[in-house]
Amino acid sequence: MKIKDLILLLSILYSYSAYTQNMVEYTAGWEGKIENSKTFNLKIEIENLGLEKARFKISNGTNIINYSFNIKSTSLIEIPFSENYSFKGILSKNGKEINGFIKSGILFYHLKLTQSTKNTFVGIWNILMVDELKSLNFYLSVENGAGNKYEAYPIFGDNRFTGTWCNNFQKENDSIMFSDFKTGLQFKGKLAKNKILLDIYLGNNLLTQIGLTKSTTDWEIGGFKNDNKTSILKLTEMEKLISKDSLPNTHSVLVSKKGKIIYENYFDGYNANIPHDMRSASKSISSAIVGVANDKLLFKNVEQSIFDFLPVKYQIHKDNLKIKIDIQSLLTMSSGIDAIDYGINANPKSSATEQNYQRTPDWIEAILKAPMIHKPNTKANYGSANPALLGFAMDSVVSEPLELFIDKFLFQKLGISNYIIQSDLKDKPYFGGGMYLTPKNMLKFGELYLNKGKIKSTRVISKKWVKNSFKNYRDLENVLDKNGYGYLWWHNTYLVNGKSIKSIEARGAGGQYIFVVPGLKVVVVITSGNYRNGKTQQPEEIFEKHILPHIKNRIKPVANKV
């Protein structure tokens, strides 16, 4: 080949390469279709092969993972089946089920594997948290960040999945890669002319492939209808307002009286099988875990200093004031740390606010280095740093992995198996919020507290702990309503027909509520999706205006006794 021909060829190749590598051409909205509605519903199998050998399988119609491992213990089964993914579980005493968790991304997905044959246990892992996709639409937004940095955001047409938290965007030649921090899914794409061939992986194992083309129409997301109401109670006015979007993004409403469900309805495509993001409403579940540990005498008492639970590297933050931060001050948002997440007196620059400490590699370090603004156990200000420290303390006192302790001593006793726990960066359950429970299981948790720590005839938490949890220790100073606050439970009072009704509540951002009303023997659960429209407290309106007036055998003002 002549030199001038070689130069011409290299020039052509370079121009083609430059074109295919130019991310500007791909900065747009892209769309495609997922192959079937159960692509992300994964069958899990653990097969005992004998002689301490076993096999762990994941499939969705095709074999995805087939991992052989040694059984080291029947009390704790640990399977690191792929890099950054693992399963931990415990075989039941009767040998018929395995309860455990798949750790993927920042989530612990609880699985109950039941015995299908003598040597095989089987269960289902819904990695997108929905039982079946109602929409096969898949969208990708590729956006230009600062300078030459790009970002990619996968969006599912089925918006009942709470979405991805994608990061680590990389590009090499015609390939792009990014990962979902939340679910652990990996995305790898091939840039072609006017299209992107996108593969979705579980670790290094292919789940599905999607062909994407540039979007030419508006994206179709959500808009699903329901017809699955179960009701004795008539709440037609509420239902009309929800259908007209006057009470927007209401996902579920459930009411129980004296332990019996008298109203259950789901909206926007939600149903009884989908675990809902509870956000900070799960702080009340964190309180229950502390109660279980207290009942088991795993720590001395609630007056015990948090520094009794911290390793040496954190002791440098101990001073005459911080050493007085005890378990009770953390349960009541009264640690005195500058950790106010929002509202009055919030300091957005403090290292102990949730949005700041979660951006650091060591959350506990970031929380403890923040200054004190009050003496512990004197003033209450809402901040997730308080229960975050509690989670660290509880992890230090239990003998098994904390997630397995939570499952064994709380959720199994409640008959709850379909749930997910968010972790921190140390792969420990995060007590500041982020559990996913079905609304019916949220109702069951509320009934546990209504029944003073018992479910049917089973004692789960001591009566004394529930009583102490529901006390009003002090009012939250950073919120406009100045709500009373217990052990990670809110207090509120509603006016119905001129009479006051007291409620103890678990609350989460976006409108996730568990209302416990001991005076009426009622529990109400409302889940919502109002994360960015200022209607996060909409469930209080629904509860006061549309539920309380219609509950039978009402309304006598009863003192809030537990």
Side-chain angles (χ1 to χ4, degrees), residues 279-280 282-283 286-287 290 299-397 422-426 428-434 472-490 507-509:
R279 298 294 177 101
S280 287
S282 63
K283 285 180 170 70
S286 300
S287 172
V290 179
F299 59 93
K300 295 175 185 176
N301 51 56
V302 293
E303 288 78 35
Q304 195 170 353
S305 171
I306 185 61
F307 285 93
D308 290 352
F309 306 93
L310 300 178
V312 173
K313 70 175 184 175
Y314 297 120
Q315 297 296 327
I316 61 171
H317 298 290
K318 181 168 62 178
D319 57 32
N320 291 335
L321 196 54
K322 282 185 178 174
I323 197 173
K324 295 178 182 178
I325 299 172
D326 58 16
I327 296 297
Q328 180 155 291
S329 72
L330 298 172
L331 286 165
T332 57
M333 298 289 182
S334 307
S335 65
I337 296 175
D338 188 6
I340 307 173
D341 283 336
Y342 66 91
I344 302 167
N345 300 321
N347 176 11
K349 294 183 179 180
S350 172
S351 63
T353 63
E354 188 173 41
Q355 67 174 354
N356 288 334
Y357 70 72
Q358 287 192 346
R359 295 173 179 173
T360 70
D362 190 331
W363 295 2
I364 304 304
E365 172 72 22
I367 293 168
L368 290 174
K369 75 179 184 181
M372 299 289 286
I373 54 175
H374 300 295
K375 182 181 177 181
N377 286 307
T378 59
K379 296 187 178 183
N381 286 282
Y382 189 95
S384 295
N386 295 277
L389 288 175
L390 281 175
F392 196 98
M394 293 306 100
D395 183 64
S396 74
V397 300
Q422 184 179 319
S423 73
D424 61 19
L425 297 184
K426 305 292 184 183
K428 306 293 184 183
Y430 177 50
F431 272 38
N472 182 0
Y473 290 87
R474 52 192 63 89
D475 295 343
L476 291 168
E477 298 197 353
N478 66 305
V479 300
L480 290 174
D481 293 339
K482 297 293 187 286
N483 298 83
Y485 205 74
Y487 282 180
L488 303 180
W489 285 91
W490 294 72
R507 296 184 180 185

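In what follows, every heavy atom counts, from backbone to side chain, and hydrogens, waters and symmetry copies are set aside.
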Please assess E477 against I344 for the test side chain to side chain contact (heavy atoms under 4.5 Å, CB included), listing each intermediate value before the final yes or no. CA-CA 7 Å; E477 298 197 353; I344 302 167; over 6 Å; no

Can you tell me which residue pairs pass the ring-ring contact (aromatic ring centres under 6.0 Å, His included) test with a partner in residues 328-352, sequence neighbours excluded? Y342-Y382

Check whether any side-chain heavy atom of H374 lies under 4.5 Å from a side-chain heavy atom of N381, and answer yes or no. yes

Let me confirm one number: the OH-CH2 distance from Y485 to W490, rounded to the nearest 0.5 Å. 6.5 Å

Residues two or more places apart in sequence or in another chain: which of them pass side-chain hydrogen bond (donor to acceptor under 3.5 Å, both in side chains) with K300? none

Just wondering, do Q422 and P429 contact through their side chains at under 4.5 Å, heavy atoms? no

When you look at CG of L480, are more than 12 heavy atoms from neighbouring residues, nucleotides or ligands closer to it than 6.0 Å? no

side-chain contact (heavy atoms from CB on, under 4.5 Å) involving S286 - partner list, sequence neighbours excluded: F431, L488

Within this structure, what is the NZ-NZ distance for the pair K324 and K318, rounded to the nearest 0.5 Å? 14.0 Å

Taking every non-hydrogen atom, the tightest pair across P387 and M333: CD-CE, 4.1 Å

With sequence neighbours left out, what residues match A339 under side-chain contact (heavy atoms from CB on, under 4.5 Å)? I337, A352, A385

First locate atom OG of S384, then atom CD of Q355, and finally report the distance between them rounded to the nearest 0.5 Å. 11.0 Å

List for me each residue that meets side-chain hydrogen bond (donor to acceptor under 3.5 Å, both in side chains) alongside N483, sequence neighbours excluded, and say none if there are none. none

The side-chain contact (heavy atoms from CB on, under 4.5 Å) partners of N301 (sequence neighbours excluded) come to E303, Q304

Could you go through the side chain to side chain contact (heavy atoms under 4.5 Å, CB included) check for T360 and S351 one step at a time? CA-CA 9 Å; T360 70; S351 63; over 6 Å; no

With sequence neighbours excluded, give me every ring-ring contact (aromatic ring centres under 6.0 Å, His included) pair touching residues 344-364. Y357-W363, W363-Y430

Test item: I306 and D326 side chains (from C-beta on) under 4.5 Å apart, heavy atoms: no

Minimum heavy-atom distance A388-I367, with the two atoms named: CB-CD1, 4.0 Å

What pairs of residues pass the side-chain hydrogen bond (donor to acceptor under 3.5 Å, both in side chains) test when at least one of them lies in residues 385-396, not counting sequence neighbours? S335-N386

Could you work out, with salt bridge (Lys or Arg N to Asp or Glu O under 4.0 Å) as the rule, every residue matching D308, not counting sequence neighbours? none

In the structure I gave you, are the side-chain heavy atoms of S287 and L331 within less than 4.5 Å of one another anywhere? yes

Do K482 and L476 come within less than 4.5 Å of each other through their side chains, counting heavy atoms only? no

With distance as the sole test, does D362 use its side chain to make a donor-acceptor pair with the main-chain N or O of I364 at under 3.5 Å? yes

How close do E354 and D341 get, heavy atom to heavy atom, and via which atoms? N-OD1, 2.9 Å

According to side-chain hydrogen bond (donor to acceptor under 3.5 Å, both in side chains), who are the partners of N347, at least two apart in sequence or on a separate chain? D338

Which heavy atom in A393 sits nearest to a heavy atom in I327, and how many Å separate them? CB-CD1, 4.4 Å

The complete set of ring-ring contact (aromatic ring centres under 6.0 Å, His included) pairs with one or both residues in residues 299-338, sequence neighbours excluded, reads Y314-F392

Could I get the full list of side-chain hydrogen bond (donor to acceptor under 3.5 Å, both in side chains) partners for S334, not counting sequence neighbours? T332, R474

Within the side chain of K283, is there an N or O that forms a donor-acceptor pair under 3.5 Å with the backbone of G432? yes

Enter the distance from R359:CZ to L425:CG here, rounded to the nearest 0.5 Å. 13.0 Å

First locate atom CG of L310, then atom CD of E365, and finally report the distance between them rounded to the nearest 0.5 Å. 10.5 Å

Does S329 use its side chain to pair, donor to acceptor, with the backbone of P376 at less than 3.5 Å? no

